[in-house]
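Structure provided below as structure tokens; questions to follow.
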Amino acid sequence: MRTTRRAFLGGGAATVSTALLATPALAQAKARVVVLGGGFAGASCARELHRAEPGLVVTLVEENLTYTACPFSNSVIAGLRDIAAQRFGYEALRAQGVAVAQDRARAVDPQRRLVSLGSGASLDYDRLVLAPGIGFRWGALPGYDEAAAALVPHAWKAGEQTLLLRRQLEAMADGGSVVISAPANPYRCPPGPYERASLIAYYLKTNKPRSKLIVLDAKENFSKQRLFQAAWQQLYPGLLEWVSLSNGGKVTRVDPATRTLVTDFATYKADVANVIPPQRAGSIAETAGVADQTGWCPIDPITFESRLQANIHVIGDAAIAGAMPKSAFAANAEAKVCAAAVAALLRGEAPSAPKLINNCYSLVAPDYGISVAGVYHPVNGQLADVEGAGGLSPADAPPDFRALEARYAEGWFRTITAETFG
Ligand SMILES: Cc1cc2nc3c(=O)[nH]c(=O)nc-3n(C[C@H](O)[C@H](O)[C@H](O)COP(=O)(O)OP(=O)(O)OC[C@H]3O[C@@H](n4cnc5c(N)ncnc54)[C@H](O)[C@@H]3O)c2cc1C
């Protein structure tokens, strides 16, 4: 049922921007939505928009022909999985009627509502959804720039970097030392560095047992910490060491040529080093004027519309989504909420306040999974935890429970990739 403007204004619309009051674009011929970025957020959003409003012209702009997924890429690094299992194309989306432009978005003009593409073409829009993922703050950690990543991989965007780290681990002699540098919050996938440490430790234990792994951390605490640390004690005693911020874990300088990581307390010379650098929203967010001084994008938690530019929505890792973590699960949930909100706005209706879910699995070993779940809703203009909802895997679960969670993790990956790209 359509909501009249009067009903809408009376319906608690105080948190929604005045841009809503414009003439409903769907009342005009063929409203156009451009979705920029074909990852878990953007590809899901384009699909959902098309499903919700087949009359819309939805164009997904993605620079790569194939998407390489980060979830489960730590298993590739540990030699437990082929990178081919991480790759997904856009044929199914095209077949369903979403136009996919393989091109790099170069600029966004919010006044003219125009996206300029690397090919020289441009796309105009009624609403733009930005889902560019993350960019790296090259140089924010002295010594670690784009060139350094060719020697000391970050492997925080899956693909060549994942394979480079894998090859370095394979080439390392038994008895070598691996050092991982984990960043301060916020960053993509809060439990990701610790899953990576776990699976590298598994590789070392089973292939190069005289080796050592050190995680240098710019934080005092991390996601699922008690579960990870209990598992490390059980599975990798003496092999994996975690150094917190207060114990000198913050890396202050990197020398990529010698694979040396320097902290205020000590100098670590690694045989294989993995630096996960400080991050920000993908660079097009800044170009479009939707990133604030933090480098991330403030949004309205009901519509995911930018707080800085009207008619531009930001979802996925690039957005400041309050208590929600930067995960593929969250990106997919945000995409669905945003698609419903954009469709409603284009119809001239008021979007309803959402509830969003996140559920992140991590593997500590191939048959040892742990998870964290949360439910979120808008409170005072931010996405906040729903009190009493969500939770962690039990601390004292038996091995078959951990094995079951490892299987659930795989099931989750199959489902979300089928839903996003299938
Ligand atoms: C090691 C690791 C493990 C992880 N494990 C999990 C997990 O188990 N579960 C989980 O939920 N999450 C996990 N994540 C997090 C997850 O990968 C991200 O949160 C998710 O990919 C975010 O989706 P997104 O769509 O916002 O960004 P992305 O997936 O990065 O997609 C962004 C897309 O935008 C495109 N793009 C960017 N700029 C432009 C431009 N200017 N023009 C055209 N295209 C552009 C990029 O090419 C890319 O395809 C993990 C991450 C890492 C690094």
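These values consider heavy atoms only, across backbone and side chains, with no hydrogens, waters or symmetry-generated copies. As the structure lists them, so they are numbered: ligands from 1, and atoms in each ligand from 1. Along the sequence shown, the residues carry numbers beginning at 1.
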Checklist line | Nearest neighbour of atom 12 (N) of ligand 1 from the list A328, C360, G282, on a heavy-atom basis | finding: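 That would be A328.
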Checklist line | For atom 32 (C) of ligand 1, the protein heavy atom that lies nearest, with its residue and separation | finding: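 Protein heavy atom with the smallest distance to atom 32 (C) of ligand 1: A131 O, 3.4 Å.
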Notebook entry, point to check: Just heavy atoms, cut-off under 4.0 Å: does L36 contact ligand 1 by side chain, backbone, both, or neither?
Noted result: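 The answer is the side chain.
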Next item on the list: Check W412 against ligand 1 and report side chain, backbone, both or neither, counting heavy atoms closer than 4.0 Å.
Entry: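 Side chain only.
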Check: Hey, looking at atom 3 (C) of ligand 1, which of G192, C70, G159 has the closest heavy atom?
Finding: C70
Note to self: For T294 and D292, which I'm curious about, is there any donor-acceptor pair between the side chains at under 3.5 Å?
What the structure shows: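 Distance-only check passes for T294 and D292.
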Notebook entry, point to check: Using a distance-only test with no angle check, is there a side-chain donor-acceptor pair under 3.5 angstrom linking S244 and D217?
Noted result: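 No donor-acceptor contact under 3.5 Å links the two side chains.
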Note to self: Under the side chain to side chain donor-acceptor pair (under 3.5 Å) definition, can you give me all pairs with a residue in residues 262-273, not counting sequence neighbours?
What the structure shows: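 Side chain to side chain donor-acceptor pair (under 3.5 Å) check on residues 262-273 returns no pairs.
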Note to self: Tell me whether I416 reaches ligand 1 (any heavy atom closer than 4.0 angstrom to a ligand atom).
What the structure shows: no
Next item on the list: Check each atom of ligand 1 against the heavy atoms of N74 and keep those under 4.0 Å away; list them by number with element.
Entry: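 Those of ligand 1 that fall under 4.0 Å from N74 are 1 (C).
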Check: Going by the order shown, which atoms of ligand 1 are within less than 4.0 Å of some heavy atom of S73?
Finding: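 Once the distances to S73 are compared, the set is 1 (C).
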Checklist line | Identity and separation of the nearest protein heavy atom to atom 41 (N) of ligand 1 | finding: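 Result for atom 41 (N) of ligand 1: A105 O, 3.1 Å.
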Notebook entry, point to check: Looking at G37, which atoms of ligand 1 are within less than 4.0 Å of one of its heavy atoms?
Noted result: 33 (C), 34 (O), 35 (C)
Margin query: Which residue and atom name correspond to the protein heavy atom nearest atom 25 (O) of ligand 1, and how close is it?
Written below: A41 N, 2.9 Å
Item checked: Option from L60, L346, D126 for which side chain to side chain contact (heavy atoms under 4.5 Å, CB included) with V33 holds -> L346
Check: Which protein non-hydrogen atom lies closest to atom 36 (N) of ligand 1, naming both residue and atom, and how far is it?
Finding: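 The protein heavy atom lying closest is E63 OE2, 3.8 Å.
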Next item on the list: Indicate the ring-plane relationship of F329 and W412, choosing parallel, tilted or perpendicular according to the 30° and 60° boundaries.
Entry: parallel
Check: With no hydrogens and no angle check, do the side chains of K224 and S362 hold a donor and an acceptor under 3.5 Å apart?
Finding: yes
Next item on the list: Around atom 46 (C) of ligand 1, find the nearest protein heavy atom and jot down its residue, atom name and distance.
Entry: E62 OE1, 3.5 Å
Next item on the list: List the closest protein heavy-atom neighbour of atom 15 (C) of ligand 1: residue, atom name, distance to the nearest 0.1 Å.
Entry: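 Closest protein heavy atom to atom 15 (C) of ligand 1: C189 CB, 3.7 Å.
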Next item on the list: Just jot down the ligand 1 atoms closer than 4.0 angstrom to any heavy atom of P132, in number order.
Entry: 32 (C), 34 (O), 37 (C), 38 (N)
Margin query: Starting from atom 28 (P) of ligand 1, what is the nearest protein heavy atom, named by residue and atom, and what distance separates them?
Written below: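 Of every protein heavy atom, R188 NH2, 3.4 Å lies nearest to atom 28 (P) of ligand 1.
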Item checked: For atom 31 (O) of ligand 1, the protein heavy atom that lies nearest, with its residue and separation -> G39 CA, 3.4 Å
Next item on the list: Select one of side chain, backbone, both or neither to describe which atoms of R104 lie under 4.0 Å from any atom of ligand 1, heavy atoms only.
Entry: both
Notebook entry, point to check: With a 6.0 Å cut-off on ring centres, are Y67 and F88 close enough?
Noted result: no
Margin query: With a 6.0 Å cut-off (strictly less than), is the heavy-atom count around CZ of R137, excluding the residue itself, greater than 12?
Written below: yes
Margin query: Need the ligand 1 atom indices (1-based, order shown) with element for anything under 4.0 Å from a heavy-atom of K326.
Written below: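 Listed by number with element: 19 (O).
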Next item on the list: Please test R51 against Q96 for side chain to side chain donor-acceptor pair (under 3.5 Å), starting from the C-alpha separation and ending with a verdict.
Entry: CA-CA 9 Å; R51 208 178 265 166; Q96 286 165 36; 4.9 Å; no
Next item on the list: Would you list the pairs meeting ring-ring contact (aromatic ring centres under 6.0 Å, His included) in which at least one residue belongs to residues 174-204, sequence neighbours left out?
Entry: Y194-F222
Notebook entry, point to check: At a 4.0 Å threshold, what atoms of ligand 1 neighbour a non-hydrogen atom of G316?
Noted result: 26 (O)
Margin query: Any donor-acceptor pair under 3.5 Å linking the side-chain atoms of Q86 with those of T68?
Written below: no
Next item on the list: Determine whether the side chains of N332 and E419 contain a donor N or O and an acceptor N or O closer than 3.5 Å.
Entry: yes
Margin query: Using the rule side chain to side chain contact (heavy atoms under 4.5 Å, CB included), only one of L383, I315, L356, V342 pairs with V337; which is it?
Written below: L356
Note to self: Can you tell me which portion of N64 lies within the under-4.0 Å heavy-atom range of ligand 1? Options are side chain, backbone, both, or neither.
What the structure shows: side chain
Check: Is it the side chain (CB and beyond), the backbone, both or neither of R196 that lies under 4.0 Å from ligand 1, heavy atoms counted?
Finding: side chain
Margin query: Looking at R94, I want to see if its CZ is surrounded by more than 12 non-hydrogen atoms of other residues, nucleotides or ligands under 6.0 Å.
Written below: yes
Item checked: Region of Y361 that comes within reach of ligand 1 [heavy atoms, distance under 4.0 Å] ->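 The answer is the backbone.
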